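Ligands are counted one by one from 1 in listed order, and the atoms in each one are counted from 1 as well. Start at 1 with the first residue, then count along the sequence. Remember, it's a predicted structure, so these values are computed and weren't measured experimentally.
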Amino acid sequence: MEIFTDICDFRLYIKQVRQHNKSIGFVPTMGALHQGHLELVKKSIQQNDVTVCSIFVNPTQFNNPNDLENYPRDNKTDLSLLKANNCDVVFLPSNAIMYKKNDILSLNFGYLENIMEGKFRPGHFKGVGLIVIKLFNLACPNRAYFGTKDLQQLTIVKKLTKELLYDIEIIPVQTIREPDGLAMSSRNGLLSKEERIQALDLYKALNTAKKQLIGGESVTSVLKYVQQFFTTESKLELEYFEIVNTTDLMKINEIPTSKQVSLCIAGQLGKVRLIDNMSLL
Ligand code: PAF
């Protein structure tokens, strides 16, 4: 497995891969890898000649400095996991390489950056967009892999890929869950034993809400049920629960016949913020 920390070396390597007409699959990560990331790597290996993974805790997507400081980092374990899972290349840049003091570029994703995650993490998607563009420009992938757990991120990445005319196929990969249903996340490791049990309320609420909607209950009554569940029965502090159209993430009042609907949820448990979503289909 090749590891690059320098932009010039990485660019040269990518140039050579492209010159040999080999396809590149790209898995951008912030490290603290878990089975969810490894599924992205697996999928990329299946579909491409060369799989490149980046590990970079991107400071511009953290609106909360404590969150950035506490974000789990373990390059050694990450690198051995990637090697064991047959990743070909890792790009591991420093902050100083990815951002310069006088950088001024700022992106705007319109309504998409002000709803759900964007509402609770102002500026988050501007940072995600910026780093994804930089990484796409360096890795020059044919395909890039993103987990559906971060549905809003996936939607924004699809949008920027389309609007910036990148010739990159964005491949969504399904959320991987722990045996009890908790969505895998790098932040799960920060939960105390008690919080880990309480975190399951996100999954329970999504499951129940999905069953209710499939059973014909109205969107309004399901929204009410979930709010009530977190107010009365859970220790988790609910930030939002929304029922949205899966394609544009707009709130819906009724379930369309296409059933292209996603249930999106986020909440705080002590110092740890967790998100999850479930598709109605
Ligand atoms: O999903 C993540 O881990 C990050 O948001 C990403 C896409 C690697 C950008 O920093």
Side-chain angles (χ1 to χ4, degrees), residues 4 10 24-41 43-44 51-65 67-75 77-79 81-82 87 89-95 97-99 103 105-107 109 112-113 116-118 120-139 141 143-161 164 166 168-176 183-190 249 264 266 272-277:
F4 294 98
F10 183 53
I24 299 175
F26 179 50
V27 180
T29 81
M30 296 207 298
L33 304 180
H34 50 71
Q35 197 51 40
H37 296 109
L38 299 177
E39 285 300 313
L40 306 181
V41 171
K43 190 98 193 165
S44 172
T51 288
V52 177
C53 181
S54 64
I55 301 177
F56 179 64
V57 181
N58 174 34
T60 62
Q61 70 187 73
F62 286 82
N63 54 308
N64 175 347
D67 192 22
L68 173 60
E69 202 184 302
N70 295 332
Y71 198 82
R73 292 164 172 88
D74 187 352
N75 282 349
T77 309
D78 288 345
L79 290 173
L81 270 174
L82 288 172
C87 179
V89 183
V90 182
F91 180 49
L92 199 73
S94 65
N95 276 356
I97 281 184
M98 297 312 281
Y99 292 104
D103 283 358
L105 184 67
S106 175
L107 298 162
F109 294 100
L112 273 177
E113 67 171 51
M116 299 196 291
E117 284 304 285
F120 286 88
R121 303 184 70 186
H124 171 65
F125 290 114
K126 290 186 188 299
V128 170
L130 204 52
I131 199 66
V132 167
I133 290 170
K134 287 178 192 233
L135 292 168
F136 278 2
N137 290 343
L138 293 171
R143 299 180 188 86
Y145 298 79
F146 291 84
T148 54
K149 182 176 148 286
D150 295 297
L151 183 65
Q152 198 169 353
Q153 168 171 284
L154 174 66
T155 310
I156 277 175
V157 169
K158 279 186 185 161
K159 194 98 181 94
L160 78 80
T161 304
L164 292 176
Y166 278 117
I168 301 173
E169 198 182 342
I170 303 301
I171 314 277
V173 179
Q174 266 200 348
T175 304
I176 304 293
M184 287 201 184
S185 161
S186 303
R187 295 171 195 270
N188 289 354
L190 302 172
L249 305 187
C264 301
V272 188
R273 188 170 181 280
L274 296 173
I275 68 171
D276 198 355
N277 69 79

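- Where the criterion is an N or O separation shorter than 3.5 Å, residue side chain and backbone included, Gln153 meets it with respect to ligand 1.
- Set against the non-hydrogen atoms of Ile131, the atoms of ligand 1 under 4.0 Å away are 9 (C), 10 (O).
- Of the N or O atoms in Thr29, none lie within a sub-3.5 Å distance of an N or O in ligand 1.
- Using cut-offs of 30° and 60° on the angle between ring planes, the pair Phe10 and Phe4 is tilted.
- Residue-level proximity to ligand 1 for Val157 is absent, since no heavy atom of it falls below 4.0 angstrom.
- Close approach of ligand 1 to Gln61 (heavy-atom distance below 4.0 Å) involves ligand atoms 4 (C), 5 (O), 9 (C), 10 (O).
- A salt bridge does not link Asp78 with Arg73: every distance from a Lys NZ or Arg NE/NH1/NH2 to an Asp or Glu carboxylate oxygen is 4.0 Å or more.
- When all heavy atoms of Pro172 and Leu154 are compared, the closest pair comes out as CB-CD2, 3.7 Å.
- The two residues Ala183 and Thr175 come nearest to each other via the heavy atoms CB-CG2, 3.7 Å.
- Taking every non-hydrogen atom of Pro28 and a distance limit under 4.0 Å, the qualifying atoms of ligand 1 come out as 8 (C).
- A salt bridge does not link Glu169 to Lys158: none of the charged nitrogens lies less than 4.0 Å from a carboxylate oxygen.
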